[in-house]
Amino acid sequence: MNVFASVGRATLDLLREIGRLSIFTADAVTSFVRPPIYWSLVGKQIMRIGYFSLPVVGLTAFFTGAVLALQIYIGTARYGAEQFVPTVVLIGILRELGPVIAGLMVAGRVAAAIAAELGTMRVTEQIDALTTLATRPIKYLVVPRLMAALISMPILVAIADAIGVMGGYVAATESLDFTGSIYLNTTMAALSNNDIASGLYKAVVFGFLIALMGCYNGFNSKGGAQGVGAATTNAVVSASILILVANYILTNIFNLLGI
Amino acid sequence: MESAASVTADAKIVIKGVKKRFGPKVVLDGLDLVVPRGQSLVIIGGSGTGKSVTIKCVLGILKPDAGQILVDGQDTAKLRGNARDAYLRKFGMLFQGAALFDSMTVWENVAFGLIQGRGVKRATAREIAFEKLAKVGLAADVGALYPSELSGGMQKRVGLARAIAAEPEIIFFDEPTTGLDPIMSDIINNLIVETRGSGTTTLSITHDLVSARKIADRIAMLYKGKIIWEGPTAEIDRSGNPYVEQFIHGRAEGPIKMEVKA
């Protein structure tokens, strides 16, 4: 087996995949601005992507905030700096953990669901059937999901932020010796618009990546049940990785811009 | 083979030298075919000879690597945006597995092309949907069911009702009788002949010869990405073509070798 041939083939496959994804993305984004927009479908997807993700996002945010408070206490207490716990919890949740935890949970729930649904529609020819009924599949299936994710994610993250900070408060007052009013006052004093905004900007990007990966993998699934399974796995894995990579890049950009 | 030029004048669909390959696998290798206006042409051929790919190329779901497809004299490769939407409104299609939308009820499936594709009001589209369901022999109470609650034969009927709902100029039938028992096959064949109406051009693909003889005005045989025989249905038994002979008599021995290795 020629090593160069296999390296070359892998490289070509990668480039082909990137090209395909770019065309798909461009197609989806340009369809955004052209009528018709199926608003009732956008509403339905907001329910599925946003509203029904609330319990799982809320629960994970609560316990993340709580455990964050406990860990930061261990770190700061060594230097007698326990009074910084509320501030660090607040910044950690708003800037990083709120959007990332919500993003990963929604990636697991929603990217998988979208990929499985569209993948099944693909292999049973339902997507081709849309075309024969004079309906553009990208407009009818992809745009509503992308739009719903773009709208839902910032709202979900805002709620996750509030619940996460509350988790920190509960842990600090129940397990540690913080006084509730002091904890809350410190939190409120540390609250800054930039911290909130940077998390919400991230949420918009994550929402886009989640819906895009779900739609792209579903749209391109092949074969039967196995193909749909592979598409679902790929959607969740690629969405999760892209969220973490995008998070790093965005944090760098925000640092540079001073947000 | 009859000269294609003589029918081009009144051709609805003209396929010229279309080539399509997937990776190293050549599926269509210079396909030439003319579907005359208002006639029913059936493409026969073994599994994996590129029958479905042909239809998907005409619809623009797949882009041919080479060649030209003309519908009403219009080159389909150049269509974009609204022109493409208008183009697609000419077609209706019955899919092999019916391809009904499982998230919608039966009547919503039938009305879909009217509501989404053509902007017909929901109430009007609903009336038309029930009228078409009656036409394919389904009672009104079926309209409220979901596709998963129906048998294969009933799904095919709903798929047929959906394909004809908007009274398209061209209807494609992809393996209309595959997977159905002989009686249900005959019922579907009759429905296809009845519901076609006059003036509709149809292109079907099948490997069921009973079905082909019943619904076709003309038959074309596809083999290795090319049309190897084309003529009126009545002449299929005297084609003098060894490939066609082997196929219509279903012989294992003959010029067609089944490619067992993919």
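Note on naming: letters A, B, ... go to the chains in the order of the sequence lines (proteins, then strands), and numbering restarts at 1 for each one.
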Neighbour count >12 (heavy atoms, 6.0 Å) for atom CZ, A/Phe32: yes

Nearest heavy atoms of B/Ala99 and A/Ala129, plus distance in Å: O-CB, 3.8 Å

With only heavy atoms counted, which part of A/Thr131 is less than 4.5 Å from chain B, the side chain, the backbone, both or neither? both

B/Gln96 side, atom CD; A/Thr124 side, atom OG1 - distance, nearest 0.5 Å: 12.0 Å

Using the side-chain contact (heavy atoms from CB on, under 4.5 Å) rule, take B/Phe112 and A/Thr135 through it: C-alpha gap first, then chi angles, then the decisive distance, then the call. CA-CA 9 Å; B/Phe112 188 91; A/Thr135 305; 3.4 Å; yes

Run the side-chain contact (heavy atoms from CB on, under 4.5 Å) test on B/Phe95 and A/Gln126 for me, step by step, so that the C-alpha distance in whole Å, both residues' side-chain angles and the decisive distance to 0.1 Å come before the verdict. CA-CA 9 Å; B/Phe95 286 83; A/Gln126 290 180 50; over 6 Å; no

Residue among A/Met121, A/Arg136, A/Glu117 with most heavy-atom pairs under 4.5 Å to chain B: A/Arg136

Are there over 12 heavy-atom neighbours, none belonging to B/Glu149, within less than 6.0 Å of that residue's CD? yes

Proximal to chain A - members of residues 61-75 of chain B, heavy-atom separation under 4.5 Å: B/Ile61

Can you tell me which portion of B/Leu114 sits under 4.5 Å from chain A's heavy atoms? Options are side chain, backbone, both or neither. neither

Should the heavy atoms of other residues, nucleotides or ligands under 6.0 Å from CZ of A/Phe254 be counted, would the total exceed 12? yes

Take B/Gln116 and A/Lys139 through the side-chain contact (heavy atoms from CB on, under 4.5 Å) test and state the conclusion after the steps. CA-CA 11 Å; B/Gln116 302 293 352; A/Lys139 276 218 158 289; over 6 Å; no

Specify the closest pair of heavy atoms between B/Gly97 and A/Glu125, including all atoms of both residues, with the distance to one decimal. N-OE1, 4.4 Å

Within residues 83-91 of chain B, which positions have a heavy-atom distance to chain A below 4.5 Å? B/Arg84, B/Asp85, B/Leu88, B/Arg89, B/Phe91

For B/Asp102, which atoms come within 4.5 Å of any heavy atom of chain A: side chain, backbone, both, or neither? both

Examine B/Phe101 together with A/Tyr140 and report whether their ring centres are nearer than 6.0 Å. no

In terms of heavy-atom pairs under 4.5 Å, which option from B/Gly113, B/Ser103, B/Gly92 contacts chain A the most? B/Gly113

Okay, A/Leu130 and chain B: the region with an atom under 4.5 Å from a heavy atom over there is both

Does OH in A/Tyr248 sit with more than 12 non-hydrogen atoms of other residues, nucleotides or ligands closer than 6.0 Å? no

Just how far is it from atom CG of B/Asn109 to atom CG of A/Leu133, taken to the nearest 0.5 Å? 8.5 Å

Interatomic distance, CG@A/Asp128 vs CG@B/Asp174, rounded to 0.5 Å, equals 10.0 Å

